[in-house]
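Data first, discussion second: the structure below is written as structure tokens.
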Amino acid sequence: MVFDKDGTTTTIVDQENISLAKFLENLNNAYDKIKNDNIIVNLFSFSALTSSDVLEFLDLSNTHRASNKSFVLVTNKVSYDDVPEEISVVPTLKEARDIIEMEEIERDLGI
């Protein structure tokens, strides 16, 4: 698992060549290190993902969002239309950064 600090408030998490289950386990174990940042999880290295795979991140996403931080998954294998609104899925890192920027503005405005 690779953590890439993107600016001062965002961490991009990339995975090594491991299974999704192992990646989730490692992410949950390392969560305390990045819990104060907005989190972008880059899933491009997974060759096949389904909407049910993405839903495996829902608990972690809900926990993180409850602390007023953004949690965005990046993959072009699953459409955001195929997952619940509670989890953010976008096809590019740029869109993930844009989502975080918009959510930070909303939090600053109290929306």
Side-chain angles (χ1 to χ4, degrees):
M1 179 165 302
V2 178
F3 297 111
D4 180 17
K5 192 77 165 169
D6 186 31
T8 58
T9 63
T10 302
T11 297
I12 299 172
V13 180
D14 289 301
Q15 66 89 26
E16 303 143 354
N17 257 346
I18 56 175
S19 69
L20 182 65
K22 185 67 175 166
F23 175 67
L24 270 165
E25 180 185 331
N26 290 346
L27 182 58
N28 281 310
N29 290 339
Y31 180 70
D32 282 343
K33 296 177 189 173
I34 59 174
K35 69 180 179 183
N36 295 320
D37 291 344
N38 296 307
I39 298 173
I40 297 172
V41 179
N42 185 349
L43 299 174
F44 275 122
S45 53
F46 288 105
S47 58
L49 281 177
T50 65
S51 56
S52 61
D53 291 334
V54 168
L55 289 177
E56 295 290 325
F57 290 90
L58 188 58
D59 288 340
L60 185 57
S61 175
N62 288 339
T63 299
H64 199 65
R65 289 175 168 280
S67 66
N68 277 332
K69 296 292 181 183
S70 298
F71 187 92
V72 184
L73 300 176
V74 181
T75 181
N76 58 2
K77 307 282 188 291
V78 177
S79 169
Y80 67 90
D81 291 328
D82 296 334
V83 295
E85 283 182 25
E86 293 87 11
I87 193 158
S88 294
V89 176
V90 295
T92 67
L93 285 171
K94 178 172 180 357
E95 287 179 76
R97 289 182 184 103
D98 290 346
I99 291 281
I100 288 173
E101 186 176 333
M102 288 188 309
E103 288 179 351
E104 283 185 332
I105 290 169
E106 289 173 356
R107 286 190 287 268
D108 288 346
L109 295 174
I111 298 175

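The first residue in the sequence is number 1, and the count goes up from there.
- The aromatic rings of Tyr31 and His64 sit perpendicular, their planes meeting at an angle over 60°, well past the 30° parallel limit.
- In this structure, CG in Asn42 is found 8.5 Å from OG1 in Thr75, a value given to the nearest 0.5 Å.
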Practice problem: Run the numbers on Asn62 and Glu86 for side chain to side chain contact (heavy atoms under 4.5 Å, CB included), then give the verdict. | Solution: CA-CA 7 Å; Asn62 288 339; Glu86 293 87 11; 3.8 Å; yes
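- Exactly one residue among Leu20, Val78, Val41 makes a side chain to side chain contact (heavy atoms under 4.5 Å, CB included) with Val54. That residue is Val78.
- Although no hydrogens or angles enter the test, the distance criterion places no donor-acceptor pair under 3.5 Å between the side chain of Asp108 and the main chain of Ile105.
- The OG atom of Ser51 sits 14.5 Å away from atom NZ of Lys77, with the distance rounded to the nearest 0.5 Å.
- Criterion: ILVMFWY side-chain heavy atoms under 4.5 Å apart, direct or through other members. Under it, Val72 and Leu49 are not part of a common hydrophobic cluster.
- Contact detail for Leu93 and Val74: the closest heavy-atom pair is N-CG1, 3.8 Å.
- Proximity of a side-chain donor or acceptor of Lys69 to a complementary backbone N or O of Lys35 within less than 3.5 Å is not detected.
- In terms of hydrophobic clustering, with Ile, Leu, Val, Met, Phe, Trp and Tyr side chains grouped at heavy-atom distances under 4.5 Å, Ile100 and Phe71 are assigned to different clusters.
- Annotation: side chain of Asn36 is not in contact with side chain of Ser67 (no heavy-atom distance under 4.5 Å).
- Taking the side chain as every heavy atom from C-beta outward, Phe23 and Val13 approach each other to under 4.5 Å.
- Side chains of Phe57 and Leu43 form a contact here, defined as non-hydrogen atoms less than 4.5 Å apart.
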Side chain to side chain contact (heavy atoms under 4.5 Å, CB included) for Ile34 and Leu27? Distances and angles first, verdict last.
CA-CA 10 Å; Ile34 59 174; Leu27 182 58; 4.1 Å; yes
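- In this structure, Glu101 places its CD atom where only 12 or fewer heavy-atom neighbours from other residues, nucleotides or ligands lie under 6.0 Å away.
- Put simply, the side chain of Arg97 reaches to within 4.5 Å of the side chain of Ile12, judged on heavy atoms.
- Rounding to the nearest 0.5 Å gives a distance of 12.5 Å between OG of Ser52 and CG of Leu58.
- What you find for Phe44 and Pro91 is that their closest heavy atoms are CZ-O, 3.0 Å.
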Side chain to side chain donor-acceptor pair (under 3.5 Å) evaluation trace for Thr11 with Asp37
CA-CA 6 Å; Thr11 297; Asp37 291 344; 2.6 Å; yes
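- Note that OG of Ser19 and CG of Asp53 are 10.5 Å apart. Values are rounded to the nearest 0.5 Å.
- Going from atom CG of Leu24 over to atom CG of Asp59 covers 10.0 Å, rounded to the nearest 0.5 Å.
- For the atom pair CG (Asp4) and CD1 (Ile40), the distance works out to 9.5 Å, reported to the nearest 0.5 Å.
- For the residue pair Val90 and Ala96, the shortest heavy atom distance occurs at CG2-N, 3.6 Å.
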*side chain to side chain donor-acceptor pair (under 3.5 Å) between Glu103 and Asn38, worked out*: CA-CA 10 Å; Glu103 288 179 351; Asn38 296 307; over 6 Å; no
